[in-house]
Every structure is written in structure tokens, then in C-alpha cells.
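Written below as C-alpha cells is the structure these notes are about.
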Amino acid sequence: MRVIAGKARRLQLKTVESMAVRPTTDRIKETLFNMINTDVCDCLFLDLFAGSGAIGIEALSRGAKSVTFVEKDSLALSCIRENLKTTHLEEDAVIMAADVLSAINTLDKKQQAYDIIFMDPPYNKLLEKDVLEQLENSSVINEDTLIIVEASLETDMDYVENMNYEIIKEKMYKTNKHIFVKKANA
């Protein structure tokens, strides 16, 4: 696994040696960032269920103003720190050692909306629904925030229609997909 583009281009990243972490492949990461590239520069980026930190590090390498990494697993947290040190991108990174819902509560108190939120929760446990419910009335998002959910191909997110969100795009891959969500226009 490596950084695809930007300041840290081609640098190798470590992965977490754990069955609980599924790193996003370089090909999928490259496709994702090709789709959001114009939005990344100078953005505030939130990486939920950050794992090795590869997505947030890619955002930093491509010019994100800052990335907040949220992860609760101690092995993954160590991996994020090592990868940030390797890429020399730690200056613009904030690491929160917490479960995602607690982290959102903490971030909500700062009254700062993120431009892009990426989440890669464990598949098929509806954790993305819990996160979207938590974010719905939070100051962590606004009407311009792009939320990207990495999920299994089987994941059905029709429930967002009953929430204050709309799916604006879906990108299917062989093994998983990205769902792009924004607050619904009132």
C-alpha cells in the first residue's frame, strides 16, 4: 500500500496486521481521489474508522488543510502514527483515540464543520447508519459536507431517504462500493 499522489507520492504505508482492518486497495483509493480531487485541496477532512490512516494520509498528501483521524484500535493507532511520521504529514493531522460516536460528540462541541467525511466501518453491521444519525444534527457537518461511506456491495442505504440526507452518487467496485451522501436540500 502506498500514497498515490501529492507531497508524499510513492511512499509506502504500513498496514495493520489484524482481521478487523481491511485497507482500501491502491486502485480503489486512486479512483476515489480522482472523483473528489478538486474538493480535497485546503479542505477539513475527517477520517472515521481510520484503520491504517491511508485515506486521510492521501488527503493530506493531496493538499487537505488538516485531517482528523478517528480510531479506537491501539494497533491501528500505532500504524497511523508510523505512517504519518514516514510521510512527514503529522503536522496537519489530529489523531483521536476513541470510538467514532464518542469522537463525533467531542468534535460537535468545537462547532467546526468538515468539508469531507470518509468512513470505512466494519461491513454489514449498520454502523454507517448510527454515524449518519449522530451526524444529522451535529455541527460536524453542514449542507456542503460530502460524506463518503465505504461499504460492502450488499449494503442497502435506502434508509437515508428517511433521514435528512440524499445519496448523490454510488461507485461500485468488484468487492465493495463508495456511497456519496450530502444533507438533503430543505
Side-chain angles (χ1 to χ4, degrees), residues 1-16 23-24 26 28-72 76-121 128 131-132 134-150 165 168-169 171 178-183:
M1 190 171 60
R2 64 189 168 84
V3 179
I4 307 295
K7 296 182 261 190
R9 183 174 180 222
R10 293 193 184 116
L11 291 178
Q12 291 295 314
L13 299 175
K14 293 186 190 273
T15 58
V16 182
T24 302
D26 285 351
I28 291 174
K29 184 169 51 170
E30 184 172 18
T31 301
L32 170 64
F33 277 90
N34 285 342
M35 291 189 292
I36 64 170
N37 200 38
T38 58
D39 300 321
V40 173
C41 193
D42 288 328
C43 81
L44 298 177
F45 194 102
L46 179 59
D47 188 354
L48 302 175
F49 306 96
S52 67
I55 297 293
I57 288 169
E58 188 72 35
L60 282 171
S61 182
R62 291 175 184 244
K65 185 183 296 181
S66 74
V67 174
T68 301
F69 297 86
V70 177
E71 179 56 64
K72 69 177 182 180
L77 288 163
S78 293
C79 189
I80 292 167
R81 287 184 185 95
E82 280 186 57
N83 285 333
L84 285 166
K85 188 174 182 181
T86 297
T87 57
H88 308 288
L89 296 170
E90 58 263 75
E91 184 178 314
D92 298 318
V94 174
I95 299 172
M96 295 182 72
D99 73 87
V100 168
L101 298 179
S102 296
I104 291 169
N105 279 337
T106 301
L107 293 169
D108 187 36
K109 294 172 186 159
K110 295 182 179 183
Q111 300 288 306
Q112 175 67 60
Y114 286 85
D115 300 300
I116 300 173
I117 298 175
F118 178 85
M119 71 173 102
D120 184 6
E128 63 280 350
V131 173
L132 288 170
Q134 184 97 12
L135 287 171
E136 193 171 10
N137 296 308
S138 164
S139 66
V140 175
I141 67 170
N142 62 31
E143 59 280 348
D144 296 320
T145 302
L146 176 63
I147 302 168
I148 305 163
V149 180
E150 186 165 314
Y165 297 107
I168 58 170
K169 185 186 334 183
K171 174 65 176 161
H178 285 132
I179 303 109
F180 298 78
V181 178
K182 279 198 167 192
K183 273 192 162 185

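Just the heavy atoms: all of them, side chains too, but no hydrogens, waters or symmetry mates, feed the values below. All values derive from a computational prediction rather than experimental measurement.
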task: Determine, step by step, whether Ile117 and Val140 satisfy the side-chain contact (heavy atoms from CB on, under 4.5 Å) criterion, reporting the C-alpha distance in whole Å, the side-chain angles of both residues, the deciding distance to 0.1 Å, and the verdict.
output: CA-CA 9 Å; Ile117 298 175; Val140 175; 4.0 Å; yes

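A 4.5 Å side-chain heavy-atom check between Val70 and Asp47 finds every atom pair outside the cut-off. Side chains of Lys182 and Tyr165 form no contact here, defined as non-hydrogen atoms less than 4.5 Å apart. In this structure, the side chains of Ile55 and Asp120 stay at 4.5 Å or more apart for every pair of heavy atoms. Contact annotation: the side chain of Ile168 never approaches that of Val181 to less than 4.5 Å [non-hydrogen atoms, C-beta and beyond]. At least one side-chain heavy atom of Val100 sits under 4.5 Å from a side-chain heavy atom of Phe49. Proximity of Phe69 to Val94: side-chain heavy atoms (C-beta onward) are nowhere separated by under 4.5 Å. Using a 4.5 Å heavy-atom threshold, the side chains of Leu107 and Gln112 count as separate. Within the 4.5 Å cutoff, no side-chain heavy atoms of Ile57 are placed close to those of Val67.
No donor-acceptor pair under 3.5 Å is formed between the side chain of Asp92 and the backbone N or O of Ser66. In this structure, Thr87 contributes its side chain and Asn83 its backbone to a donor-acceptor pair below 3.5 Å. With Glu150 contributing its side chain and His178 its backbone, the two residues share no donor-acceptor pair below 3.5 Å.
With rounding to the nearest 0.5 Å, the separation of CD1 in Ile179 from NZ in Lys169 is 13.0 Å. To the nearest 0.5 Å, atoms NZ (Lys171) and CZ (Phe180) are separated by 9.0 Å.
The side-chain hydrogen bond (donor to acceptor under 3.5 Å, both in side chains) test applied to Asp144 returns no partner, not counting sequence neighbours. Every residue was checked against the ring pair (Phe, Tyr, Trp, His ring centres under 6.0 Å) condition with Tyr114, not counting sequence neighbours, and none meets it. With sequence neighbours excluded, the residues satisfying side chain to side chain contact (heavy atoms under 4.5 Å, CB included) with Ala54 are Met1, Leu13, Lys29, Ser52.
The minimum heavy-atom distance linking Thr145 with Ile141 is given by the pair OG1-CA, 3.4 Å. Listed here is the closest heavy atom pair of Leu77 and Ala97: CD1-CB, 3.5 Å. Heavy atoms only, all atoms of each residue included: Glu71 and Ala50 are closest at OE1-N, 3.3 Å.
Residue pairs satisfying the salt bridge (Lys or Arg N to Asp or Glu O under 4.0 Å) criterion with at least one member in residues 77-89, sequence neighbours excluded, are listed as follows: Lys14-Glu82. Within the structure, side chain to side chain donor-acceptor pair (under 3.5 Å) contacts touching residues 96-108 (residues at least two apart or in different chains) are Asp99-Ser102, Asn105-Gln134, Asp108-Ser138, Asp108-Ser139.
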Identify each donor-acceptor pair in which a side-chain atom of residues 36-45 lies under 3.5 Å from a protein atom, sequence neighbours left out, and give them as a table.
from: Asn37; atom 1: OD1; to: Arg62; atom 2: NH1; distance (Å): 3.3

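A 6.0 Å sphere centred on NZ of Lys183 holds more than 12 heavy atoms belonging to other residues, nucleotides or ligands.
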